[in-house]
Novice: 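Encoded as structure tokens, here's the structure I'll be asking about.
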Number of protein chains: 2
Amino acid sequence: MNLLRNTEKHLSAEDIYIDAVRINPSIGLTTVYRTLDLFSQIGVVQKCDFGDGRARYELADNPLKKSHHHHLVCVKCKTIVDYTDFIGEELELMQKTEKALSLKHRFKIFNHTIHFYGICSKCRLEA
Amino acid sequence: MNLLRNTEKHLSAEDIYIDAVRINPSIGLTTVYRTLDLFSQIGVVQKCDFGDGRARYELADNPLKKSHHHHLVCVKCKTIVDYTDFIGEELELMQKTEKALSLKHRFKIFNHTIHFYGICSKCRLEA
DNA sequence: ATATCTGCAAAGTTTTTGCCGTTAC
DNA sequence: GTAACGGCAAAAACTTTGCAGATAT
């Protein structure tokens with residue numbers, strides 16, 4: 001039961017497990033972790049750690065596709081906002097950097113993430 | 001006992017705890033976590049999750065300083081390589097993006113990270 | 001028949017919480 | 001005296017592992 005991770009985005013392993021059980025009620029959480037780990041190692045899925053102790057997963061979009069986006073994280077309440085501003089310019093720089101790093105460190109690179117960290121307006125007022 | 005996180009970089013909470021105990025043997029791991037959490041919320045320390053289940057911490061350098069760097073992560077063996085290529089160009093783009101995001105989402109942004117994900121040469125050969 | 005896949009339960013790790021004594025103002 | 005800090009032990013949360021049965025080649 002492998003073909004099901006075309007769901008949404010920012011899903012925790014448990015979210016995915018819940019979805020998966022709806023499709024195949026006999027699936028186990030272990031399998032979800034194993035599959036996710038495999039997928040992230042071959043670059044199909046991007047594992048994201050936002051610092052809340054729970055890993056999130058999303059489809060590893062090709063940076064050329066318009067779904068390509070990055071994240072803005074509130075370090076207090078852990079809210080995650082997706083953004084797509086300046087993605088064109090970002091892509092250019094990232095491709096250049098990726099190329100340089102691939103050569104220099106002999107990595108096969110298949111993805112990248114950008115996180116901005118800050119405090120959202122709600123948390124700033126509450127403090 | 002707060003003034004001690006001027007150590008090196010990519011330290012796990014436990015690494016820091018071990019260092020801290022050397023300075024003040026009565027300190028507890030809890031305090032390390034509490035202090036680190038506090039520091040990361042005010043932007044003094046950058047909490048980094050590289051996907052190995054253990055959070056790392058490093059001094060949140062001002063992006064203008066030359067210590068500013070980003071990371072290249074092997075998704076297999078979790079090796080982390082620091083890089084500083086194209087940091088000048090990156091900075092320009094990041095500042096522009098940061099400004100746009102601050103306004104649009106009313107965040108107070110104080111840091112950003114860029115991660116490239118791939119497979120290192122060692123792991124590629126072993127597979 | 002052999003190798004791979006899977007679920008369950010148990011174990012492991014890392015991080016957080018509750019409680020209470022101590023320190024600071 | 002009251003509030004903030006800090007440590008210890010216990011708890012919690014997430015993820016991984018061992019094992020045995022099932023599936024596929």
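Convention: sequence-line order gives letters A, B, ...; per-chain numbering from 1. Values in this document were obtained by computation on a predicted structure and should not be read as measured data.
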Novice: What is the distance from CD of A/Gln41 to C1' of D/dT16, rounded to the nearest Å?
Specialist: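 Rounded to whole Å, this separation is 14 Å.
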
Novice: In whole angstrom, what separates A/Phe39's CZ from C/dC5's P?
Specialist: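 Distance, rounded to whole Å: 12 Å.
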
Novice: Between B/Asp82 and B/His71, does any side-chain donor sit less than 3.5 Å from a side-chain acceptor?
Specialist: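 Side-chain D/A pair, B/Asp82 to B/His71: present.
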
Novice: Considering residues at least two apart in sequence or located in another chain, which fulfil the side-chain hydrogen bond (donor to acceptor under 3.5 Å, both in side chains) criterion with A/Gln41?
Specialist: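 Expected list: none.
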
Novice: Between B/Glu58 and B/Lys47 (salt bridge meaning N to carboxylate O under 4.0 Å), is one present in this structure?
Specialist: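 Looking at B/Glu58 and B/Lys47, the cut-off is not met.
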
Novice: Sequence neighbours excluded, which residues qualify as side-chain contact (heavy atoms from CB on, under 4.5 Å) partners of A/Ser12?
Specialist: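 With neighbours one apart ignored, the set is A/Glu14, A/Asp15, A/Arg54, A/Arg56.
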
Novice: Salt bridge check, A/Lys104 against B/Asp85: does any charged N sit closer than 4.0 Å to a carboxylate O?
Specialist: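 Answer for the salt bridge query: yes.
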
Novice: Reading nucleotides 8-20 of chain C 5' to 3', which nucleotides get B (base under 4.0 Å from a protein heavy atom), which S (sugar-phosphate only), which -?
Specialist: BB----SBBB---

Novice: Look for any protein N or O under 3.5 Å of an N or O in nucleotides 22-25 of chain D and output each such pair with its distance, or none.
Specialist:
none

Novice: Partners of A/Lys78 by side-chain hydrogen bond (donor to acceptor under 3.5 Å, both in side chains), sequence neighbours excluded?
Specialist: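 For A/Lys78, no residue satisfies side-chain hydrogen bond (donor to acceptor under 3.5 Å, both in side chains) once neighbours in sequence are set aside.
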
Novice: So, using side-chain hydrogen bond (donor to acceptor under 3.5 Å, both in side chains) as the criterion, who are the partners of A/Lys108 when residues are at least two apart?
Specialist: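 side-chain hydrogen bond (donor to acceptor under 3.5 Å, both in side chains) list for A/Lys108, sorted by chain: empty.
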
Novice: Do NZ/NE/NH1/NH2 and the carboxylate oxygens of A/Asp19 and A/Arg22 come within less than 4.0 Å?
Specialist: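 The answer is yes: the pair qualifies as a salt bridge.
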
